[in-house]
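Okay, structure first, notes after.
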Amino acid sequence: MNRILRTSLLFFLLFGGHIALAQNDVVNDDEKSSYNLNKPEREQWLKNTAAGLFIHFSVDAQLGVVISHSLVGASDEYADRFFNELPKTFNPSQFDPYQIAVLAKLAGMKYIVFTTKHHAGFCMWDTKTTDFNITKTPYKKDLLKEFVTATRAAGLDVGFYFSPEDFYFLHANHLPISRDNVKMDAALAKKYEDYNRRQCEELMTNYGKIDVFFIDGEPKEVVKETCWRLQPNILITRGAIKNAGANPTRHAHHPAVAVAHHYWHGVAVPAYQRAL
């Protein structure tokens with residue numbers, strides 16, 4: 001009994017905050033644009049696909065916290081240290097995307113979605129848009145490229161998670177870091193859109209065919225337009241497919257959180273220390 005209690009307590013300490021935060025971090029896609037250029041056969045493919053793997057991983061994984069969200073409401077000192085100090089110590093030298101992909105395939109996954117950029121704004125690829133990226137760390141290499149190559153080699157489809165919401169951009173432009181109260185003038189809003197457009201152009205042109213794309217945040221319209229313009233067959237899930245309340249939600253579980261819609265499936269894998 002004591003062992004069960006200890007295990008339950010450890011589970012709560014490690015993942016309880018993540019679950020509570022996820023429940024309070026809701027994007028109301030049904031209330032946004034109905035702009036959807038997904039091909040019907042691609043949406044049908046997703047409905048018929050048993051499962052996919054969804055990996056969240058970023059520069060602040062080395063802190064052992066839920067990525068990005070610690071910045072919301074943080075002090076300027078914390079934000080400055082986050083953006084300036086964390087890249088100096090980020091070296092996921094044990095990250096093995098091929099091993100992950102092989103295990104995913106053995107588990108029955110059909111695709112893997114990987115975090116290209118989470119809300120913090122750290123880019124896991126060799127981007128020309130910002131120095132806040134993986135190649136400016138001790139790791140130096142394009143980790144996203146390694147993921148794409150390994151996933152394809154294992155025979156799985158490639159998916160990208162992308163957050164147009166970018167705390168690094170907000171901080172650099174002297175705006176408070178917030179998820180729901182960001183106010184910009186027209187000139188800065190255009191700069192923000194252009195910034196995300198250029199990042200998506202890199203993702204859609206430098207890594208071959210991308211099968212699945214998951215958008216988390218605003219401004220999402222420029223992201224959708226760019227992705228479909230450059231890759232017309234790409235399937236955009238969150239951000240394009242509306243939730244249908246009458247349809248049952250199917251869940252796939254990691255011993256941490258349930259993360260599936262009826263239109264997309266996954267298991268959340270904390271990459272954290274295993275890759276560091």
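Numbers here are sequence positions counted from 1.
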Can N133 and T135 be counted as having a side-chain donor-acceptor contact under 3.5 angstrom? yes
Does the separation of the ring centres of Y161 and H118 fall below 6.0 angstrom? yes
Evaluate F95 against F147 for ring pair (Phe, Tyr, Trp, His ring centres under 6.0 Å), listing each step before the verdict. CA-CA 10 Å; F95 182 78; F147 157 75; 7.9 Å; no
Filter on salt bridge (charged side-chain N to carboxylate O under 4.0 Å, His left out), then keep only pairs touching residues 101-120, sequence neighbours left out; what's left? K117-D166
Which pairs, with at least one residue in residues 82-93 and sequence neighbours excluded, count as a salt bridge (charged side-chain N to carboxylate O under 4.0 Å, His left out)? E85-K88
Listed by chain and number, what are the ring-ring contact (aromatic ring centres under 6.0 Å, His included) partners of F132, not counting sequence neighbours? F83, F122, Y168
For the pair H171 and F169, evaluate ring pair (Phe, Tyr, Trp, His ring centres under 6.0 Å) and give the outcome as yes or no after the intermediate values. CA-CA 5 Å; H171 187 69; F169 181 95; over 10 Å; no
Check this for me, if you would: do [X] and [Y] make a salt bridge, where the nitrogen-to-carboxylate-oxygen distance has to be below 4.0 angstrom?
X: K128; Y: E202; value: no
X: D194; Y: K191; value: no
X: E221; Y: K224; value: yes
X: E41; Y: K39; value: no

Candidate pair L46 and L235, rule side-chain contact (heavy atoms from CB on, under 4.5 Å), full reasoning: CA-CA 9 Å; L46 189 62; L235 175 68; 3.7 Å; yes
Any donor-acceptor N/O pair, K145 side chain to Y207 backbone, under 3.5 Å: no
Please state whether the rings of F57 and F114 are parallel, tilted or perpendicular, taking 30° and 60° as the class boundaries. perpendicular
Can you name the nearest heavy-atom pair linking L203 to F160, along with the distance? O-CE1, 3.9 Å
